[in-house]
Amino acid sequence: MSSKICTEPVKSGILLINKPKDFSSHDIIAICRRELKTKKIGHSGTLDPMATGLLILLIGREATKKQDQFLRLEKVYSAVLKLGEETDSWDAYGEVISAAPVPPLTPDDLQNAAKKLSGKILQPIPFFSAKRINGNRMYELARKGAEMERKYNEVTVEWLRLELAAPDEIAFTVRCSCGTYVRALGYMLAKELGTAGHLTALKREQIGGYHVENAFDGNLLKGIGTELYERVQTETV
């Protein structure tokens, strides 16, 4: 691995990163701040530690001014939903809190569920999320066992494609508006199919017109400051 140190002046632009599993988005941002020698880094939406895929980092003052614009871009995700058990976080990192039998599912069942969960929908916000209540992150309150009233947000699901990967497992891809919790979509999908469920995999494939295939591998971030600097795209900001 290269150990180049970035000595170039900070330039303003975007940096596409393919976030690895078990890293928080803020871990990635912290590494990039150190490698690029700048504190001025924004983002176009974070990912959960379990999730992988595309992060768009906004490097420098001019780029961070456009954070709201990037946050509003639609996103495409791929995910795997395990049926039969619900966890408190609605993903594989949570504790199982309920179980339900999985009915035999047909292609028509999946198609009907996809239709019901497309368009404008009201979805529950996971208790284990970064949403704030009275200044506190919901996940902080959830870890303390605090009781919380369920909050909802309206989002738009442009399309939802489902495939039965196993009798108790659904692979799906979704194009959705900003603010969509794919974990919540998985929870709703399981309920729609008459059972319980939680995500075991989640990957962000696309943000607006930017694709994860063009992103820098987040596993290779440390010690490559100059190479990272060269990946900052300036023509889009």
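Keep in mind it's a predicted model, so treat the numbers as computed, not measured.
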What distance do [X] atom [atom1] and [Y] atom [atom2] have between them, rounded to the nearest 0.5 Å?
X: Asp217; Y: Lys19; atom1: CG; atom2: NZ; result: 12.0 Å
X: Leu55; Y: Cys32; atom1: CG; atom2: SG; result: 9.0 Å
X: Met50; Y: Leu202; atom1: CE; atom2: CG; result: 5.5 Å
X: Leu83; Y: Ile170; atom1: CG; atom2: CD1; result: 4.5 Å
X: Trp159; Y: Thr173; atom1: CH2; atom2: OG1; result: 4.0 Å
X: Ile41; Y: Ile28; atom1: CD1; atom2: CD1; result: 11.0 Å

Side-chain contact, heavy-atom cut-off 4.5 Å: [X] with [Y]?
X: Ile14; Y: Tyr210; answer: yes
X: Met188; Y: Gln123; answer: yes
X: Ile125; Y: Tyr152; answer: no
X: Tyr181; Y: Asn153; answer: yes
X: Leu193; Y: Leu110; answer: yes
X: Lys75; Y: Tyr77; answer: yes
X: Leu54; Y: Asn18; answer: no
X: Val174; Y: Leu185; answer: yes

Task: Single hit among Cys176, Cys178, Ser177, Ser118 for side-chain contact (heavy atoms from CB on, under 4.5 Å) with Thr156 - done: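 Exactly one candidate clears the test, Ser177.
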Closer than 3.5 angstrom, by distance alone: can the side chain of [X] be matched with the main-chain N or O of [Y] as a donor-acceptor pair?
X: Asp88; Y: Val96; value: no
X: Glu74; Y: Val76; value: no
X: Thr38; Y: Lys40; value: yes
X: Ser12; Y: Ala63; value: yes
X: Ser44; Y: Leu71; value: no
X: Arg183; Y: Ser89; value: yes
X: His43; Y: Gly45; value: yes

Of all the heavy-atom pairs spanning [X] and [Y], show the shortest one and how long it is.
X: Ala166; Y: Leu164; value: O-CD1, 3.1 Å
X: Pro124; Y: Ala184; value: O-CB, 3.2 Å
X: Ile17; Y: Ala215; value: C-CB, 3.6 Å
X: Val212; Y: Arg204; value: CB-O, 3.9 Å
X: Asp168; Y: Lys82; value: OD2-NZ, 2.9 Å
X: Phe216; Y: Arg231; value: CD1-NH1, 3.4 Å

TODO: Could you give me the CA-CA distance, side-chain angles and deciding distance for Asp91 and Thr200, then say whether side-chain contact (heavy atoms from CB on, under 4.5 Å) is met?
DONE: CA-CA 6 Å; Asp91 66 18; Thr200 56; over 6 Å; no
Task: Transitive ILVMFWY side-chain link Ile31 to Leu220, under 4.5 Å - done: yes
Open item on the list: Quick check on the hydrophobic clustering: are Leu117 and Val80 connected, directly or via other members, by side-chain heavy-atom contacts under 4.5 Å?
Closed with: no
TODO: Let me see the working for Glu86 and Lys191 under side-chain contact (heavy atoms from CB on, under 4.5 Å), right down to the final yes or no.
DONE: CA-CA 10 Å; Glu86 179 186 337; Lys191 293 292 185 185; 3.9 Å; yes
Open item on the list: Does Leu47 form a side-chain contact (heavy atoms from CB on, under 4.5 Å) with Phe23? I'd like the steps, not just the answer.
Closed with: CA-CA 9 Å; Leu47 288 169; Phe23 279 74; over 6 Å; no
Task: Parallel, tilted or perpendicular: rings of Trp90 and Tyr187 (30°, 60°) - done: parallel
For residues 99-108, run the donor-acceptor check on the side chains, cut-off 3.5 Å, and write out each pair with its distance to 0.1 Å, sequence neighbours left out.
| residue | atom | partner | partner atom | Å |
| --- | --- | --- | --- | --- |
| Thr106 | OG1 | Asp108 | N | 3.4 |
| Thr106 | OG1 | Asp109 | N | 3.1 |
| Thr106 | OG1 | Asp109 | OD2 | 3.1 |

Task: Modelled atom types, side-chain donor and acceptor of Ser78 and Glu205, under 3.5 Å - done: yes
TODO: Show the numbers, then the answer: is there a side-chain contact (heavy atoms from CB on, under 4.5 Å) between Leu16 and Gln233?
DONE: CA-CA 9 Å; Leu16 310 183; Gln233 303 174 30; 3.7 Å; yes
